[in-house]
K.L.:
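After the structure tokens below, expect a handful of questions from me.
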2 protein chains.
Amino acid sequence: MSNKQSTQLKILEAAEQLFAETGFSATSLRQITSLAEVNLASVNYHFGSKKELIQAVLQRYLAILMPRLDQEFTRLLAAQQPNQLTTVLSVFVEPLLELSAVQPQGTSTFLQLLGRGYTDVQGHLRWFFNHHYGRTLDKFVLLVQQSCPALPPSEIFWRLHFSLGTIVFTMASNVALKDIAAADFNETVEIDGVIKRLIPYLAAGIAAPSAA
Amino acid sequence: MSNKQSTQLKILEAAEQLFAETGFSATSLRQITSLAEVNLASVNYHFGSKKELIQAVLQRYLAILMPRLDQEFTRLLAAQQPNQLTTVLSVFVEPLLELSAVQPQGTSTFLQLLGRGYTDVQGHLRWFFNHHYGRTLDKFVLLVQQSCPALPPSEIFWRLHFSLGTIVFTMASNVALKDIAAADFNETVEIDGVIKRLIPYLAAGIAAPSAA
DNA sequence: GTACATTTCAAACGTATGTTTAAATTCGCT
DNA sequence: AGCGAATTTAAACATACGTTTGAAATGTAC
């Protein structure tokens with residue numbers, strides 16, 4: 001291979017691949033350093049600890065994605081009247097797809113990592129995310145409330161969490177689902193296909209009439 | 001305490017609690033036996049291995065739930081015309097709530113375990129479940145297809161997995177969500193309240209018009 | 001009450017993990 | 001070329017895990 005990448009980068013790329021495939025806790029530093037073809041101790045040398053490596057892997061994507069999303073949310077909030085819910089949701093598509101700039105497969109990898117972040121019970125990740133990007137998320141919730149003026153805020157709260165569950169779970173099982181879909185329906189499914197399939201589903205669920 | 005329960009039962013109850021709270025792999029046999037106040041070796045004596053303990057914990061609920069669901073599905077399939085989608089989904093409510101017969105909080109615990117089963121990558125669980133209850137699941141998919149004749153089967157496949165994600169994620173974060181809802185909206189939320197909130201959301205998402 | 005099977009127990013086994021150490025090596029700079 | 005800092009390396013450390021062992025304790029039937 002004669003890989004001239006820096007050790008840091010080799011670790012990051014091996015780590016993100018294994019983290020996405022099997023989760024944070026289930027991936028050992030020895031697997032990572034073995035795949036990256038670097039010494040075991042170099043993870044602690046360059047990143048301090050496994051915990052900090054996990055944050056570095058996520059941060060590489062979040063640092064690109066979240067400012068982009070914030071900018072889009074701000075733009076929509078400036079509109080004179082409420083936006084369509086599908087418009088609000090569609091705002092995620094482009095910034096997510098642009099993550100392939102970090103790496104080919106970047107979009108898919110990041111979404112899987114996001115899923116792992118919620119299902120692996122890594123308390124430090126929740127804190128890390130809310131601390132850095134809570135403001136951006138608030139703008140999104142406001143946009144959804146404006147799109148659905150008939151729904152009480154508590155209903156929106158629940159439905160947004162329902163939707164987060166859909167996204168996180170779908171992305172965490174992304175590989176398995178793609179395999180099943182390919183086998184059962186002879187479909188080739190790429191990540192942008194899944195994202196675009198999600199939007200009408202989520203929009204319909206979030207905007208559904210209340211049960212009374 | 002002077003607990004006269006059998007060692008087996010004490011292990012099962014401690015295990016299900018810890019598995020639901022923190023997942024299968026993240027829970028050690030030493031945590032389980034410590035909470036159950038039994039000897040470490042008794043897990044291997046009574047259940048053989050950790051893997052088999054996990055299956056026993058799930059089986060205690062599945063053995064009650066799945067025949068009940070199968071019976072309901074069969075009843076609906078006997079109808080002359082397609083059932084409403086909300087009717088099909090509502091069929092889950094009663095059997096799930098009846099799981100409190102196993103244990104108070106049984107419904108909530110089981111749904112959390114189900115979530116863990118999907119997010120913890122325990123390959124043997126998927127096999128175990130499909131092998132035992134694949135037939136029942138097929139009936140449910142058929143019912144949904146009858147309810148949504150306009151949707152291609154591949155679209156239904158994806159949307160049912162989206163829905164599974166909602167359920168699994170919501171139940172896995174059940175405790176946290178209840179606390180937030182109580183604090184932000186002054187709502188008291190019980191498990192049957194969450195389940196009933198889910199149905200219109202899921203029904204609208206599954207039946208949404210296709211994007212293309 | 002004695003013999004037998006079942007269950008409990010403390011201890012150890014083998015393996016894997018994240019992290020640390022200290023020496024060896026490589027790199028950047030004058 | 002040679003010095004000092006940065007990096008890489010092999011080895012060990014401490015800890016945790018699931019599992020096994022063999023003896024002690026308990027229960028059961030005659």
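Naming convention: chains lettered A, B, ... in sequence-line order (proteins, then strands); numbering from 1 in each chain. Only a predicted model underlies this, so the values are computations on that prediction, with no experimental measurement involved.
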K.L.:
I would like to know whether A:F169 and B:F169 meet ring pair (Phe, Tyr, Trp, His ring centres under 6.0 Å); could you show each step before the answer?
P.N.:
CA-CA 7 Å; A:F169 177 85; B:F169 177 85; 9.5 Å; no
K.L.:
In whole angstrom, what separates B:L29's CG from C:dA12's P?
P.N.:
20 Å
K.L.:
Reading DNA chain D 5' to 3', which nucleotide is the first, and which the last, to come under 4.0 Å of any heavy atom in chain B?
P.N.:
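Reading along DNA chain D, I get D:dC17 to D:dT21.
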K.L.:
Taking salt bridge (charged side-chain N to carboxylate O under 4.0 Å, His left out) as the cut-off, I'd like each qualifying pair that reaches into residues 101-111 of chain B, sequence neighbours left out, listed once.
P.N.:
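Non-adjacent pairs meeting salt bridge (charged side-chain N to carboxylate O under 4.0 Å, His left out): zero.
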K.L.:
Could you tell me which residues satisfy side chain to side chain contact (heavy atoms under 4.5 Å, CB included) with B:S34, sequence neighbours excluded, listed by chain and number?
P.N.:
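For B:S34, no residue satisfies side chain to side chain contact (heavy atoms under 4.5 Å, CB included) once neighbours in sequence are set aside.
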K.L.:
When we call it a touch if two heavy atoms are under 4.0 Å apart, what does B:T33 touch: a base, just sugar-phosphate, or nothing?
P.N.:
nothing
K.L.:
Apply side chain to side chain contact (heavy atoms under 4.5 Å, CB included) to B:Y133 and list each qualifying residue two or more places apart in sequence or on a separate chain.
P.N.:
B:Q59, B:L62, B:M66, B:F129
K.L.:
Nearest whole Å is fine: how far is C:dA12 C1' from B:N44 CG?
P.N.:
14 Å
K.L.:
With sequence neighbours excluded, tell me which residues meet side chain to side chain contact (heavy atoms under 4.5 Å, CB included) with A:Q17.
P.N.:
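Scan of A:Q17 (side chain to side chain contact (heavy atoms under 4.5 Å, CB included), adjacent residues dropped) gives A:E21, A:L35.
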K.L.:
Report the residues that fulfil side chain to side chain contact (heavy atoms under 4.5 Å, CB included) with A:S90, sequence neighbours left out, ordered by chain and then residue number.
P.N.:
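Checked A:S90 against side chain to side chain contact (heavy atoms under 4.5 Å, CB included); matches are A:I199.
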K.L.:
Under the rule for salt bridge (charged side-chain N to carboxylate O under 4.0 Å, His left out), what residues qualify as partners of A:E98, not counting sequence neighbours?
P.N.:
A:R68
K.L.:
Sequence neighbours left out, what passes salt bridge (charged side-chain N to carboxylate O under 4.0 Å, His left out) with A:K139? Give chain and number order.
P.N.:
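Result, salt bridge (charged side-chain N to carboxylate O under 4.0 Å, His left out) vs A:K139: A:D70.
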K.L.:
Any protein N or O atoms within reach of nucleotides 5-11 of chain C? Criterion: under 3.5 Å, listing atom names and distances.
P.N.:
unit_1	atom_1	unit_2	atom_2	d
C:dT7	OP2	B:Y45	OH	2.9
C:dT8	OP1	B:T7	OG1	2.4
C:dT8	OP2	B:H46	NE2	2.8

K.L.:
In whole angstroms, how far is the C1' atom of C:dT19 from the NZ atom of A:K51?
P.N.:
14 Å
